[in-house]
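See below for the structure under consideration.
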Amino acid sequence: MRGRHGRLELFDFSLPTKESVEKVILIQIECNLNIPSPELNDRTPYEDIVINKSVSNFFNAFPFIKKMPTFKYYQRMLPLSEKEFAYKSVYSKTGGVLNIFNPKIREGVDSELKKLFSQCEDEKEAIRTWKDASSELWSNLPPKLVWACGGKIEGELLLDFLQYLTRKVRRKEFDTLGDSMITAIKYLREWQFISNEICSGMAPVNAIIEERKEIYERKSAFLQEMLIETDFV
Amino acid sequence: MPKNSLQRYLAKIKNDYGTSLTEENYRDIILEELKSPPSLLDYFKDFMENNKTKLTLEWGCLMFLFIKADEEKYVPDIEKYYKLLERYPHNWFIEIAMAELQLRYYGNLFKAKDGFLKGLELKPDDAHCHYNLGYVYHLLGVFDKSFEHYEKAAINYQTANRPKEIKARSLHNLAVIKINVEHDYEGGERLLKEALAVMPKYPEAKRALKQIRW
């Protein structure tokens, strides 16, 4: 689609913009950080980095990451600082596969949060309401699930969607950026409801939400155990 | 505004489109350009009446040039005349044209959504705005709002340029949401039949109905 091609592990794929190619990489990293591994004593990289307050242990456990072209993106996203636990950190998340074509969201465009801040006297109360409410900015995902990020299933579904889209747009020509974006998003909205083997026949949208809920619960419990305060719990 | 800008606009309109705009005729010429559908003409009659003290010959020139740029789909001029028209009361036509540009040319769903919402404020119950909002919310993955707007487009379809088409397409898109999101196949089938009753030669609706019956 307009010559924006990327290479991800085993296959080439086509996406409408350079930004969406970059987002694919960031989604993969977000998902990887939530997958527990024996190398980290069954902790997720996220948990390991928070416990050690450093990325060294994680990079030592997976030395190949440093040699990958995507290493600079890991460096950009890590280590996890205090900011990770504040409500504002949601705007640094991708929103995952369901939001792959969305532009970067800034707090300034979050009209729901703005409205709640003006309605509630207590800022914390406004954030508590906001984090649970479905948001137009992220395909109806609530901010807490955007913050939680995806995991193993979403990572696999990402590759599945890229293959699906690449098959669908093969040899298609587009007149405008809008044309290619709309086409890609239409295929995304179609794909998200098609029963998928990766998630045992569930529709990807439901599997993604279910997995994010599980990750959210795990993260919440972990942060509570670590006595780390966060706006998202 | 400097007088020479007005002279430039008048000369451009005369040279490029063979039309002489004057203080006396510019209102009628703009209404002639926007006469279809009748609801658009009615809207502009009201708009001009309600803003008669604020609209000038310069507005008439800019509006004329905006309409032509929109017909020609020439993006730099659409954006240029929209910016120049911003100092005058906003109207439905320019907001919608810009929202469509954001959607179809740039693929910016959030800006398009804001534009269509603004259009709806300027022309409440407008089927065209509701239909496009249904479409944009669908692309945004916000299906409850998409459904809400397609429903309103199907109800207010008479205000649209091609009323039957807007109604049939809204019903078809409602059916798609019923089937995909709510897994309500009966509801979907009913809506598809309604869509086909309005527009019998509608391949997408026929195809969807066939798929349901499998």
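Please read these numbers as outputs of a predicted model, since none were measured by experiment.
Within residues 128-145 of chain A, the residues that have a heavy atom under 4.5 Å from a heavy atom of chain B are Glu136(A), Leu137(A), Ser139(A), Asn140(A), listed by number. Residues of residues 177-202 of chain B placed with any heavy atom under 4.5 Å of a heavy atom in chain A are listed by number as Asn180(B), Val181(B).
With a 4.5 angstrom heavy-atom cutoff, Tyr106(B) touches chain A only via backbone atoms. Of the two parts of Leu109(B), only the side chain, counted from C-beta on, holds a non-hydrogen atom closer than 4.5 Å to a non-hydrogen atom of chain A. Heavy atoms of Gln192(A) lying under 4.5 Å from chain B belong exclusively to its side chain.
Counting non-hydrogen atoms of other residues, nucleotides and ligands closer than 6.0 Å to CD of Glu86(B) gives a total above 12. No more than 12 heavy atoms of other residues, nucleotides or ligands lie within 6.0 Å of CD in Glu197(A), so this atom counts as exposed by the packing criterion. Summarising the local packing, CD of Glu173(A) is surrounded by 12 or fewer heavy atoms from other residues, nucleotides or ligands at distances under 6.0 Å.
Considering CD1 of Ile182(A) and OH of Tyr105(B), their distance stands at 13.5 Å, rounded to 0.5 Å.
Between chain A and the residues Leu140(B), Leu139(B), Val176(B), the largest count of heavy-atom pairs under 4.5 Å involves Leu139(B). Highest contact tally toward chain A, considering only Arg104(B), Lys145(B), Lys113(B), is held by Arg104(B) [criterion: heavy-atom pairs under 4.5 Å].
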